[in-house]
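Working notes, structure below.
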Amino acid sequence: MTPGKRRQPSLSQLRAFAAVAEHLHFRDAAAAIGMSQPALSGAVSALEEILGVTLLERTTRKVLLSPAGERLAVRAKAVLTEVGALLEEAEAVRAPFTGALRLGVIPTVAPYLLPTVLRLVHGRYPDLDLQVHEEQTASLIDGLTSGRLDLLLLAVPLGVPGIAELPLFDEDFVLVTPPDHWLGGREDIPREALKELNLLLLDEGHCLRDQALDICREAGRADAPVATTAAGLATLVQLVAGGLGCTLLPRTALRVEATRSTRLLTGYFADPAPSRRVALAMRTGAARGAEYRELATALREALRPLPVRLLAHG
């Protein structure tokens with residue numbers, strides 16, 4: 001057979017192989033892409049025949065990628081990503097702000113900014129099918145780079161190649177304390193005070209935990225206060241109300257979280273207060289990049305009533 005006449009793999013075959021390469025399990029791979037197990041197995045076998053290589057090592061207990069499979073799985077994923085970009089670009093050209101937009105949001109942003117985001121999308125972009133995924137930063141970045149997610153709303157900088165950031169605002173951190181704490185309610189707290197505090201933190205994996213530790217290090221604290229941790233900000237403030245220590249909250253979270261108990265006081269840092277930056281993040285060169293920039297501009301305006309410092313268009 002001449003090179004020009006060689007059979008070409010189908011997208012269905014590549015999708016089946018990529019799913020098996022990701023899950024290393026036929027049943028899980030079939031469920032992930034909505035294909036029956038026999039059809040999935042047949043598609044991978046057909047791909048092996050077309051390519052003339054063995055992609056998988058099948059045993060009775062598990063599925064492994066062959067050395068050739070390891071190399072070609074990367075290529076298959078890249079092809080499927082490019083096909084997805086092609087369809088996405090066609091959709092964007094056909095009608096901006098329509099179709100699905102898969103937005104990833106970190107847990108320390110989602111409860112406080114999503115009401116504003118949802119109002120904006122429903123009011124200004126009614127034909128946009130917004131799908132929200134709340135995950136920790138590492139999972140969101142993986143989702144964006146793999147094509148599972150389209151846009152992220154999270155704290156930056158990320159410093160990840162291939163990801164462009166669209167800054168929205170900076171916001172200060174405040175100190176939430178029990179009512180009898182010596183710093184409770186003060187408006188001129190020096191950062192150095194953090195060196196002496198029993199500071200409660202979120203669990204590992206939350207970027208807010210890392211930011212709090214960075215702030216403590218900048219204040220001259222060498223040890224990491226990790227005696228008590230929590231999975232979410234709501235739990236942290238309840239621990240503070242119970243007298244177990246103090247915690248740092250971003251100002252956008254204050255109205256929601258600090259009203260959960262009457263046994264809380266809010267202290268404000270002296271200028272310059274420790275702060276974080278929140279942004280939208282997209283793949284560099286995303287087909288819908290112009291839409292995402294327009295959305296960032298609209299979102300900055302919609303966020304104006306919140307206690308944040310809006311940033312110039314990025």
Side-chain angles (χ1 to χ4, degrees), residues 105-119 132 134-137 153-155 169-278 303-309:
V105 192
I106 55 174
T108 58
V109 161
Y112 322 116
L113 298 192
L114 277 180
T116 301
V117 173
L118 295 175
R119 277 196 302 272
V132 177
E134 185 185 63
E135 301 169 23
Q136 292 184 3
T137 300
L153 178 58
L154 74 179
F169 62 82
D170 290 337
E171 66 174 324
D172 292 341
F173 286 103
V174 296
L175 186 69
V176 179
T177 71
D180 55 352
H181 196 276
W182 66 285
L183 291 174
R186 283 181 53 178
E187 297 193 355
D188 59 348
I189 300 172
R191 289 197 194 201
E192 292 72 28
L194 292 170
K195 289 193 287 188
E196 314 301 329
L197 295 181
N198 179 22
L199 201 63
L200 308 178
L201 300 177
L202 291 174
D203 293 337
E204 288 191 18
H206 288 277
C207 63
L208 189 57
R209 171 196 173 90
D210 298 329
Q211 290 158 356
L213 290 174
D214 286 342
I215 292 166
C216 288
R217 279 190 286 270
E218 289 168 10
R221 184 167 187 157
D223 67 315
V226 291
T228 301
T229 62
L233 293 182
T235 304
L236 272 186
V237 297
Q238 292 299 336
L239 295 175
V240 173
L244 293 190
C246 307
T247 197
L248 292 170
L249 281 188
R251 288 215 41 191
T252 50
L254 193 58
R255 187 173 58 85
V256 173
E257 302 301 348
T259 56
R260 293 183 186 275
S261 171
T262 57
R263 295 189 52 75
L264 295 169
L265 286 178
T266 301
Y268 298 87
F269 289 92
D271 288 335
S275 64
R276 71 171 179 177
R277 177 161 293 183
V278 173
L303 293 168
R304 194 169 291 281
L306 297 184
V308 299
R309 294 185 297 280

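Residue numbers start at 1 and run along the sequence shown.
Here the straight-line distance linking atom CZ of R277 with atom CD of Q211 works out to 12.0 Å at 0.5 Å rounding. Rounded to the nearest 0.5 angstrom, L201 CG and L239 CG are separated by 11.0 Å. Here the CG atom belonging to D203 is positioned 8.0 Å from the CD atom belonging to Q136, to the nearest 0.5 angstrom. With values rounded to the nearest 0.5 angstrom, L233 atom CG is found 6.0 Å from L208 atom CG.
Open room surrounds CZ on R263; 12 or fewer heavy atoms of other groups in view lie less than 6.0 Å from it. Other residues, nucleotides and ligands contribute more than 12 heavy atoms inside 6.0 Å of the CZ atom of R309.
For the pair G245 and V240, the tightest heavy-atom approach, listed with the atom from each and the gap, is O-CG1, 3.4 Å. Here the closest heavy-atom approach between residue T252 and residue Y112 is recorded as O-CB, 3.4 Å. Nearest heavy atom pair, residue A212 against residue L248, reads CB-CD1, 4.0 Å. Here the closest non-hydrogen pair linking P111 and E134 is CD-OE2, 4.3 Å. Nearest heavy atoms, L202 versus R209: O-NH1, 2.9 Å. The shortest non-hydrogen separation linking T177 to G184 is OG1-CA, 3.2 Å.
Residue F269 forms a side-chain contact (heavy atoms from CB on, under 4.5 Å) with just one option from L183, L194, D188, and that option is L194. The residue from L154, L153, I106 that alone fulfils the side-chain contact (heavy atoms from CB on, under 4.5 Å) condition with V278 is L153.
No donor-acceptor pair closer than 3.5 Å links the side chain of E257 to the backbone N or O of L249. In terms of modelled atom types and a separation under 3.5 Å, the side chain of R251 and the main chain of L306 share no donor-acceptor contact. The backbone N or O of L244 sits less than 3.5 Å from a side-chain atom of N198, completing a donor-acceptor pair. In terms of modelled atom types and a separation under 3.5 Å, the side chain of T247 and the main chain of V176 share no donor-acceptor contact.
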R276 and I215: side-chain contact (heavy atoms from CB on, under 4.5 Å), yes or no, with the steps? CA-CA 10 Å; R276 71 171 179 177; I215 292 166; over 6 Å; no

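Annotation: side chain of L175 is in contact with side chain of L199 (closest heavy-atom distance under 4.5 Å). For the pair S275/P250, no side-chain contact is recorded, criterion being any heavy-atom separation below 4.5 Å from C-beta on.
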